[in-house]
Chemist: 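Structure incoming, see below.
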Amino acid sequence: MGADLLLAMQGVDKRFAGIPALSQATLEVNAGEVHALVGQNGAGKSTLIKVLTGYHQRDAGEVTFLGKPFEVSSPQQAQAGGISTIYQEINLVPLRSVTENICLGRAKRRFGLLDWRAMHEEAEHLLNRFRVRLDVRRPLGDFSTATQQMVAIARAIGFSARLVIMDEPTSSLDEQEVQVLFDVIRQLKADGVSVIFVSHKLDELYDVCDRVTIMRDGRTVRSADMSDISKLELVSQMLGRDVSKMEGHATAFSRPPADRSGEVVLTARSLAAGQAVRDVSFELHRGEIASFAGLLGAGRTETARVVFGADPTRAGSMYLDGRAYAPTHPRDAIEAGLGFVSEDRKLEGIVPDMSVADNLTLALLPRISAGGVVDEGKQREIVDRFIKDLGIKCSGPGQKIRELSGGNQQKVLLARWLAMSPDVLILDEPTRGIDVGAKGEIQRLIRSLSDGGLTVLMISSELEEVAEGADRVFVLREGRTVAELAGDEITEETILAAMAQGHVSHQEPGQ
């Protein structure tokens with residue numbers, strides 16, 4: 001790399017409350033290159049960028065930029081030093097004009113007054129570099145998200161940035177707008193400006209990036225030219241799965257040999273919602289564990305939220321027990337017999353300062369209350385039964401749930417929905433953040449629920465959990481169903497291949 005090296009981050013460590021977020025992380029970016037930075041949730045990408053831009057101070061390691069040590073204590077200092085960041089959520093002022101946004105923090109003055117003519121001319125000049133022509137006097141909010149992205153890039157270049165960091169820049173753009181953005185990135189490269197491109201969309205990485213750095217669990221696991229690494233290798237290393245060594249039993253799931261394809265309970269056809277769900281089809285059979293597999297950004301959680309009525313659809317249809325199903329609120333889904341244990345247990349699941357009993361019966365309260373008064377006898381009977389049946393370890397029903405381990409908190413959330421006697425239970429990352437022993441208990445519990453006739457839709461980022469626990473797998477990629485696997489077709493290799501390469505099943509799911 002030598003003289004072409006623009007940025008070098010070596011041996012970077014960062015801890016939060018003693019827990020490592022980065023461990024000996026490295027990142028090297030050459031002058032005039034587009035460099036992909038990839039990894040799953042918690043891989044350390046955002047922390048590494050925040051260390052680079054002064055938002056966090058590193059605990060160890062060295063950073064050099066333009067051949068000199070780079071020490072900054074704020075994003076503003078980083079910007080002044082030649083590194084600009086464009087975040088996924090555009091961090092500009094929509095009510096201010098395009099010119100004001102581009103010149104924010106470096107306004108031109110003449111005779112002590114703002115020189116609007118010079119600033120308008122500069123804004124137009126910067127945008128013209130990217131073939132964007134508009135009235136720079138109009139408020140930024142009048143323009144599309146794609147145009148606002150261009151304004152953010154123009155602002156970064158206005159600070160004479162040598163390195164521009166783009167964090168998921170295409171998440172809100174349509175295909176045509178993405179191509180315009182890529183033209184801009186190629187123009188930046190031609191002008192000698194380097195770009196760090198953070199994205200989960202594999203096709204985009206191969207379209208616009210020269211090299212890639214892969215992170216996992218706070219460490220850099222590989223850096224390579226894009227031409228030297230296949231999509232399958234890229235996904236495998238992001239997930240930490242060696243395709244050649246995928247064997248043995250890694251979970252407590254036991255897949256039954258019998259065919260689980262009973263009657264169809266829930267069907268979804270060509271669902272579309274927001275930007276994340278574009279064309280998702282699947283069907284769930286009674287008494288089976290079906291699973292959504294896919295990388296970060298594939299649309300798994302977003303699809304589950306649509307099914308549960310938490311987010312509206314813009315296209316597609318659903319059928320529950322053969323009848324049209326179109327929930328507009330979670331209460332519609334609950335009344336129809338669905339339950340949903342969300343991914344974020346602490347934020348969207350438990351109420352920390354409430355008791356185990358109150359957390360467990362939260363969804364059930366309307367059914368065990370009369371005139372606004374809870375029937376404490378019924379509540380106690382239900383809570384005692386589920387504490388026993390699910391093996392919830394607590395000092396008693398009155399203990400605050402925040403005092404329980406992660407695994408026992410998860411059991412309480414499962415009990416909350418099981419108490420509602422659902423027909424379909426959606427579990428989003430049901431074993432994330434709990435210890436190995438509790439994970440095995442949860443996995444065995446999920447299988448026993450399925451054996452008892454409950455239909456389970458499980459979303460998991462752990463490949464072995466999907467491969468060993470699911471009776472049917474729907475692989476999602478960039479908001480679309482690209483494969484349906486069942487029975488012996490379900491292996492880590494086939495799931496990985498579909499995630500990486502977008503293999504489309506021969507028969508459209510849900511038909």
Side-chain angles (χ1 to χ4, degrees), residues 265-266 286-287 289 304 307-310 320-321 327 329-428 430-431 433-435 437-458:
V265 177
L266 177 67
R286 192 169 307 282
I289 300 174
V307 173
F308 197 62
L320 184 64
D321 292 326
H329 190 277
R331 76 169 69 91
D332 299 334
I334 294 169
E335 289 173 1
L338 277 73
F340 187 3
V341 179
S342 63
E343 176 182 10
D344 195 324
R345 183 171 60 244
K346 288 185 168 56
L347 186 64
E348 298 178 342
I350 66 170
V351 183
D353 288 319
M354 283 174 57
S355 68
V356 170
D358 288 339
N359 270 277
L360 195 154
T361 55
L362 199 59
L364 193 66
L365 286 178
R367 298 186 188 179
I368 59 171
S369 302
V373 179
V374 177
D375 185 329
E376 293 184 357
K378 284 184 183 176
Q379 184 186 37
R380 192 179 308 111
E381 178 188 339
I382 292 165
V383 171
D384 289 345
R385 173 161 56 90
F386 279 104
I387 286 176
K388 179 182 177 183
D389 290 352
L390 272 60
I392 299 171
K393 295 181 178 63
C394 60
S395 61
Q399 185 177 5
K400 289 185 177 179
I401 195 170
R402 62 177 167 79
E403 298 173 358
L404 272 56
S405 68
N408 284 296
Q409 289 178 1
Q410 192 73 335
K411 287 182 181 180
V412 172
L413 294 181
L414 279 169
R416 175 189 295 171
W417 292 108
L418 293 177
M420 301 291 290
S421 301
D423 295 316
V424 178
L425 183 59
I426 303 169
L427 304 176
D428 194 355
T431 65
I434 58 180
D435 63 55
K439 182 177 289 192
E441 288 184 44
I442 297 291
Q443 289 165 345
R444 282 187 287 270
L445 177 59
I446 294 169
R447 173 54 73 196
S448 70
L449 294 172
S450 166
D451 289 341
L454 180 65
T455 300
V456 177
L457 174 59
M458 179 178 70

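The figures that follow rest on heavy atoms only: side chains count, while hydrogens, waters and symmetry mates do not. Nothing fancy with the numbering, it's 1 onward along the sequence.
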Chemist: Extract all donor-acceptor atom pairs below 3.5 Å that involve side chains of residues 378-390 and protein atoms in other chains or at least two apart in sequence.
Modeler:
| unit_1 | atom_1 | unit_2 | atom_2 | d |
| --- | --- | --- | --- | --- |
| Q379 | NE2 | D358 | OD1 | 3.2 |
| Q379 | NE2 | T361 | OG1 | 2.9 |

Chemist: Considering only residues two or more places apart or on different chains, which pairs with a residue in residues 410-419 satisfy salt bridge (charged side-chain N to carboxylate O under 4.0 Å, His left out)?
Modeler: K411-E441
Chemist: Got a salt bridge between D375 and R367, using NZ or NE/NH1/NH2 to carboxylate O under 4.0 Å?
Modeler: no
Chemist: So, do I442 and L427 sit near enough that their side-chain heavy atoms are less than 4.5 Å apart?
Modeler: no
Chemist: Any idea which heavy atoms bring Q410 and T431 closest together, and the distance?
Modeler: NE2-N, 4.5 Å
Chemist: Could you tell me if the side chain of P430 sits less than 4.5 Å from the side chain of I446, heavy atoms only?
Modeler: yes
Chemist: Looking only at heavy atoms, which two atoms of G391 and N408 are closest? And how far apart?
Modeler: O-OD1, 3.8 Å
Chemist: Measuring from L266:CG to R286:CZ, what's the distance to the nearest 0.5 Å?
Modeler: 11.0 Å
Chemist: Which atom pair, heavy atoms only, marks the closest approach of G309 to P330?
Modeler: O-CD, 3.4 Å
Chemist: Distance from S395 atom OG to E403 atom CD, nearest 0.5 Å?
Modeler: 7.0 Å
Chemist: Please walk me through it: do L338 and D423 pass side-chain contact (heavy atoms from CB on, under 4.5 Å)?
Modeler: CA-CA 6 Å; L338 277 73; D423 295 316; over 6 Å; no
Chemist: Can you list everything that forms a side chain to side chain donor-acceptor pair (under 3.5 Å) with S421? Sequence neighbours excluded, please.
Modeler: none
Chemist: Could you tell me which non-hydrogen atom of I289 sits nearest to which non-hydrogen atom of S450, and how far apart they are?
Modeler: CG1-CB, 3.6 Å
Chemist: Looking only at heavy atoms, what is the nearest atom pair of L404 and C394, with distance?
Modeler: CD1-CB, 4.1 Å
Chemist: For S369, which residues count as a side chain to side chain contact (heavy atoms under 4.5 Å, CB included) partner, sequence neighbours excluded?
Modeler: L365, V374
Chemist: For residues 405-428, which residue pairs qualify under ring-ring contact (aromatic ring centres under 6.0 Å, His included), counting only residues two or more places apart or in two chains?
Modeler: F308-W417
Chemist: With side chains defined as the heavy atoms from C-beta onward, is the minimum distance between K400 and S355 less than 4.5 Å?
Modeler: no
Chemist: Any side-chain heavy atom of V351 within less than 4.5 Å of one from I401?
Modeler: no
Chemist: With a sphere of 6.0 Å drawn around CZ of R331, does it hold more than 12 non-hydrogen atoms of other residues, nucleotides or ligands?
Modeler: no
Chemist: Checking M354 against L362 for the side-chain contact (heavy atoms from CB on, under 4.5 Å) test, could you report, in this order, the C-alpha distance in whole Å, the side-chain angles of both residues, the deciding distance, and whether it holds?
Modeler: CA-CA 10 Å; M354 283 174 57; L362 199 59; 3.9 Å; yes
Chemist: What's the spacing between E335 CD and H329 NE2 if we round to 0.5 Å?
Modeler: 10.5 Å
Chemist: Return each pair, listed once, that meets ring-ring contact (aromatic ring centres under 6.0 Å, His included) where at least one residue sits in residues 351-378; pairs must be two or more places apart or across chains.
Modeler: none
Chemist: Kindly compute the distance separating OG (S342) from CD1 (I350), expressed to the nearest 0.5 Å.
Modeler: 10.5 Å
Chemist: Are L360 and L413 packed together at the side-chain level, in the sense that at least one heavy-atom pair is separated by less than 4.5 angstrom?
Modeler: no
Chemist: Decide yes or no for L425 and L418: does some side-chain heavy atom of the first lie under 4.5 Å from some side-chain heavy atom of the second?
Modeler: yes
